[in-house]
Amino acid sequence: MRKNFFLSSLATIALTGILLTGCSKDDTTAPVITITGSSSLELSLNSGAWTDLGATAEDDEDGAVNVTSDASSTNPNTNLVGTYTITYTAQDAAGNVEFSTRTIRVKNDAEDFAGDYLVRDTVPGFIFNYNQTIRVDSTVNNRVRFSRFGDYANNTAIYATKLGNGNLEIPLQTAADIGSGAGACDVVTHQFSSTAFTVTSNGFVLSYTDAVTTSGCTGSTTGVATYTKQ
């Protein structure tokens, strides 16, 4: 009787082990992260500080779990054009980890003018044809910069401002020691300002004043530059 009881006990233990083994399972499912707000957005340059809205996470075993992020170090710098990514991380009790990201693009609102252009620049008695690149300013919103304004050598600092009506305006500004040549008035200081702006089907027309301010070389002329986007 003892022998039979012993064998019966062993069978019960074995069966219990099988049942327990069959009912157990490993948790291999990571939490699901839900980003609060849009996962992809654009902000205007100089639009002020932006605060991340964060994210939440839910796990099939643990319920709500904590979410961490690198937002403190990767929050977008709204004073610098660029694309910024915030990464969110959630981990459940079993060690399963999930990641999700939010992408934020800080843009200059004048970026529609950026690109390469063929310019036909007409001044009294002359026509100049040249290539021009317009780039957005990376720190000042609605400002663009010309790579070679007026076809003068070394004239790389002239900028224009996009106005509320969508037009470009060159505010009065000085370009020192631009031009080329060995003549007394070939490399001089100019002042530029725009007088009119018209949008075309594939670019724009910009009318401007060009005044030389170097002593002994002073004079003023006007130009009409037609920009055709390439």
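Side chains included, hydrogens not; waters and symmetry mates left out as well; all remaining heavy atoms used.
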Quick one: side-chain contact (heavy atoms from CB on, under 4.5 Å) partners of Ser100, sequence neighbours excluded? Ile33, Ile35
Closer than 3.5 angstrom, by distance alone: can the side chain of Asp27 be matched with the main-chain N or O of Thr29 as a donor-acceptor pair? yes
Could you check whether any side-chain N or O of Asp92 sits under 3.5 Å from a backbone N or O of Asn96, counting only pairs where one atom can act as donor and the other as acceptor? yes
side-chain contact (heavy atoms from CB on, under 4.5 Å) between Thr78 and Leu45, worked out: CA-CA 5 Å; Thr78 57; Leu45 183 64; over 6 Å; no
What donor-acceptor contacts under 3.5 angstrom involve side-chain atoms of residues 115-128, with partners at least two apart or in another chain?
{"residue": "Asp116", "atom": "OD1", "partner": "Thr133", "partner atom": "OG1", "Å": "2.8"}
{"residue": "Tyr117", "atom": "OH", "partner": "Phe113", "partner atom": "O", "Å": "2.7"}
{"residue": "Asp121", "atom": "OD1", "partner": "Tyr208", "partner atom": "OH", "Å": "3.0"}
{"residue": "Asp121", "atom": "OD2", "partner": "Tyr130", "partner atom": "OH", "Å": "3.2"}
{"residue": "Asp121", "atom": "OD2", "partner": "Tyr208", "partner atom": "OH", "Å": "2.9"}

Verify, without hydrogens or angle tests, whether Asp186 (side chain) and Gly183 (backbone) share a donor-acceptor contact under 3.5 angstrom. yes
Just grab all the salt bridge (charged side-chain N to carboxylate O under 4.0 Å, His left out) pairs involving residues 35-49, residues at least two apart or on different chains. Glu42-Arg105, Glu42-Lys107
Between the main-chain N or O of Thr56 and the side-chain N or O of Glu58, is there a donor-acceptor pair closer than 3.5 Å? no
Can you tell me how far CD1 of Ile158 sits from NE2 of His190, rounded to the nearest 0.5 angstrom? 10.0 Å
Determine, using the 4.5 Å side-chain heavy-atom cutoff (strictly less than), whether Val144 and Val199 are members of one ILVMFWY cluster. yes
On a heavy-atom basis, which atom in Ile86 and which in Ser69 lie closest, and how many Å separate them? CG2-CB, 4.3 Å
Heavy-atom count around Arg148 CZ within 6.0 Å, excluding the residue itself: above 12? yes
Heavy-atom donor-acceptor pair, Thr214 side chain to Thr189 backbone, under 3.5 Å: yes
Is the shortest heavy-atom distance from the side chain of Leu41 to the side chain of Arg102 under 4.5 Å? yes
Sole residue of Thr139, Asn141, Asn46 in side chain to side chain donor-acceptor pair (under 3.5 Å) with Asn79: Asn46
Please examine the side chains of Asp137 and Arg145, heavy atoms only from C-beta on, and report whether any two atoms are closer than 4.5 Å. yes
For Leu168 versus Leu206, what's the shortest heavy-atom pair and its separation? O-CD1, 4.3 Å
Is Val67 reachable from Val65 through a run of hydrophobic residues whose side-chain heavy atoms are each under 4.5 Å from the next? no
Are Phe197 and Phe192 joined in one hydrophobic group, where the rule is that I, L, V, M, F, W and Y side chains link up if heavy atoms are under 4.5 Å apart? yes
Report yes or no: do Ser147 and Gln132 form a side-chain donor-acceptor pair below 3.5 Å? yes
For the side chain to side chain donor-acceptor pair (under 3.5 Å) test, which of Thr174, Asp210, Thr209 pairs with Gln191? Thr174
Nearest 0.5 angstrom please: Ser207 OG to Ile170 CD1, how far? 10.0 Å
Please confirm whether the ring centroid of Tyr159 lies under 6.0 Å from the ring centroid of Phe146. no
Does Asp59 reach the main-chain N or O of Glu61 with its side chain, forming a donor-acceptor pair under 3.5 Å? yes
For the OG1 atom of Thr200 and the OH atom of Tyr227, what is their distance to the nearest 0.5 Å? 12.0 Å
Please identify which of these residues, Asn108, Asp112, Asp109, meets the side chain to side chain donor-acceptor pair (under 3.5 Å) condition with Lys162. Asp112
Does anything in residues 26-82 form a ring-ring contact (aromatic ring centres under 6.0 Å, His included)? List the pairs, not counting sequence neighbours. none
Using a 4.5 Å cut-off on heavy atoms from C-beta on, say whether the side chain of Thr195 contacts that of Thr222. no
Within the distance-only criterion (no hydrogens, no angle test), does the side chain of Thr218 pair as donor or acceptor with the backbone N or O of Val212 below 3.5 angstrom? no
Given side chains that start at C-beta, do those of Tyr84 and Val106 come closer than 4.5 Å, heavy atoms only? yes
Considering only residues two or more places apart or on different chains, which pairs with a residue in residues 199-228 satisfy disulfide bond (SG atoms under 2.5 Å apart)? Cys185-Cys217
With sequence neighbours excluded, residues passing salt bridge (Lys or Arg N to Asp or Glu O under 4.0 Å) with Asp60: none
Taking the six-membered ring for Trp, are Phe99 and Tyr88 ring centroids under 6.0 Å apart? no
Distance (rounded to the nearest 0.5 Å) between Thr36 OG1 and Asp52 CG: 8.5 Å
OG1-CD distance between Thr161 and Glu169, expressed to the nearest 0.5 angstrom: 6.5 Å
Show, in sequence, the C-alpha distance, side-chain angles and deciding distance for Leu43 and Ile104, and conclude whether the side-chain contact (heavy atoms from CB on, under 4.5 Å) test is met. CA-CA 7 Å; Leu43 301 175; Ile104 303 164; 3.7 Å; yes
